[in-house]
Amino acid sequence: MSLSAPTPSQSEYVAIVQEPRSVDLKDQLTLALRQVDRLKKLFKLAFRPATADLYVSFPYFHARSFKCGARSHVGIGNSETFDTDTDVGLSTTPVKFSYHESGRVHFKAQTGVGNAGQLASICASAIGDYSGEHLFTIIMEDLDALDDAKTRDLRKAYFLPIDIPPNMNCAKVTAYAGSSDEQVSGKYRSGGRPIPPMATLTFSRPSLRQPLKVGIYVLGAPTLQQQSFSPNLLALTGFSQAGETTRFLFLHAS
């Protein structure tokens, strides 16, 4: 299947603006999308207790296949497509991505032990070197395919619901990392003005010179698919720049 290559600079994405929030994290966070009277869990983000390694998993989207691979694009700011069927690692069980403090990034089936189940990997920037760069993008099409959150979830300190418009059925979540609020703010504009993240996450580890800030934005997105419509989840991470060429990892779950 060919999917649109969703990049931070594409103009057809519309940033959602609401009162920004700050969240001090210890080990984990569940991000949910709240749309009128429904609340859907999108992904779980976790940090290793002793290091700055972070993990993002998708236990709330029940797919038949999880395809992972690496792709390169020249001029990735333009509207492009890429193929998710060739040169991929395939899993029929849920997949997570691991972003290690060193900059090693990989997608791995959650049932694997050690390096077993590793589907794709790349070398990107070390966590401590981020100064406002793009950390990851997650796009979910057809929110009905996600698990419902429970009322009790709202009472949990590590549960983050983000409100989206009632007519949005394809949501894009982007994250930027840096060492200050200023570095992760203003990545999108509304009415010609830069806007703050909807949420800024902060966590500290002994190996980091200063706490890491992760700015989270949610945007309305056009359909991912070129033909038929069905539930899809697309995650991009591990961005590595060499001149005009951007290399990254992708996960396509459907």
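- The side-chain heavy atoms of V173 and T137, taken from C-beta on, include no pair separated by under 4.5 Å.
- Here the side chains of S131 and E133 are in contact, with some heavy-atom distance below 4.5 Å.
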> Could you walk me through whether V95 and K67 pass the side-chain contact (heavy atoms from CB on, under 4.5 Å) check?
Replying inline: CA-CA 9 Å; V95 167; K67 294 179 286 187; over 6 Å; no

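- Pairing each heavy atom of A50 with each of P206, the nearest pair is O-CD, 4.4 Å.
- Atom NZ of K44 is separated from atom OG1 of T30 by 3.0 Å, given to the nearest 0.5 angstrom.
- Counting only heavy atoms from C-beta outward, the side chains of P231 and F61 approach each other to under 4.5 Å.
- Summarising the geometry of Y99 relative to S125, their closest heavy-atom pair is OH-O, 2.7 Å, with the distance given to 0.1 Å.
- Distance alone, capped at 3.5 Å, places no donor-acceptor pair between the S254 side chain and the S65 backbone.
- In this structure, CG on L54 lies 8.0 Å from CG on L212, to the nearest 0.5 angstrom.
- Interatomic distance, CG of L219 versus OH of Y188, reported as 5.0 Å (0.5 Å rounding).
- Residues Q35 and P165 come closest through the heavy atom pair NE2-O, 2.7 Å.
- In terms of heavy-atom proximity, P211 sits nearest to T202 at CB-CG2, 3.8 Å.
- With a 4.5 Å cut-off on side-chain heavy atoms, D163 and M198 do not count as touching.
- At a threshold of 4.5 Å between non-hydrogen side-chain atoms, the residues T246 and H134 do not count as touching.
- In this structure, K187 contributes its side chain and A175 its backbone to no donor-acceptor pair below 3.5 Å.
- By the 4.5 Å heavy-atom criterion applied to side chains, Y55 and R48 are counted as neighbours.
- For the atom pair F66 CZ and H252 NE2, the distance stands at 11.0 Å (nearest 0.5 Å).
- At least one side-chain heavy atom of L45 sits less than 4.5 Å from a side-chain heavy atom of F136.
- Hydrophobic clustering, with ILVMFWY side chains joined whenever heavy atoms are under 4.5 angstrom apart, groups L146 together with F97.
- Contact annotation: the side chain of T237 approaches that of F107 to within less than 4.5 Å [non-hydrogen atoms, C-beta and beyond].
- Under the 3.5 Å distance criterion, the side-chain polar atoms of D53 are matched with a main-chain donor or acceptor of E101.
- The two residues A32 and F159 have their closest heavy-atom pair at CB-CZ, 3.5 Å.
- Put simply, CZ on F203 and CD on Q28 are 13.5 Å apart, with the number rounded to the nearest 0.5 Å.
- With salt bridges taken as basic N to acidic carboxylate O contacts below 4.0 Å, one links K156 and D153.
- Residues L31 and M168 share a single hydrophobic cluster, defined by chaining ILVMFWY side chains whose heavy atoms lie under 4.5 Å apart.
- Under the 4.5 Å side-chain contact rule for hydrophobic residues, L39 and F58 do not share a cluster.
- Side chain of Y217 to main chain of K172: no donor-acceptor pair is present (N/O by atom type, distance under 3.5 Å, no hydrogens or angles).
- Salt-bridge check for D27 with R205: passed, with a basic side-chain N closer than 4.0 Å to an acidic carboxylate O.
- When all heavy atoms of P166 and V36 are compared, the closest pair comes out as CB-CG2, 3.5 Å.
- A salt bridge links K40 and D148; the closest N-O separation between the charged side-chain nitrogens and carboxylate oxygens is under 4.0 Å.
- A single hydrophobic cluster is seen to contain both L143 and I138, as judged by linkage of ILVMFWY side chains at heavy-atom distances under 4.5 Å, directly or through other members.
- No donor-acceptor distance shorter than 3.5 angstrom exists from the side chain of Q183 to the backbone of S185, with no hydrogens or angles considered.
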>> Walk me through whether V88 and F250 qualify under side-chain contact (heavy atoms from CB on, under 4.5 Å).
In response: CA-CA 9 Å; V88 297; F250 75 89; 3.7 Å; yes

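- Side-chain atoms of E141 never come within 3.5 Å of backbone atoms of A171 as a donor-acceptor pair (strictly under, hydrogens ignored).
- Y158 and I216 are not part of a single hydrophobic cluster, where members link through side-chain heavy atoms under 4.5 Å apart.
- Atoms CZ and CD1, on R38 and I164 in that order, are 7.0 Å from each other to the nearest 0.5 Å.
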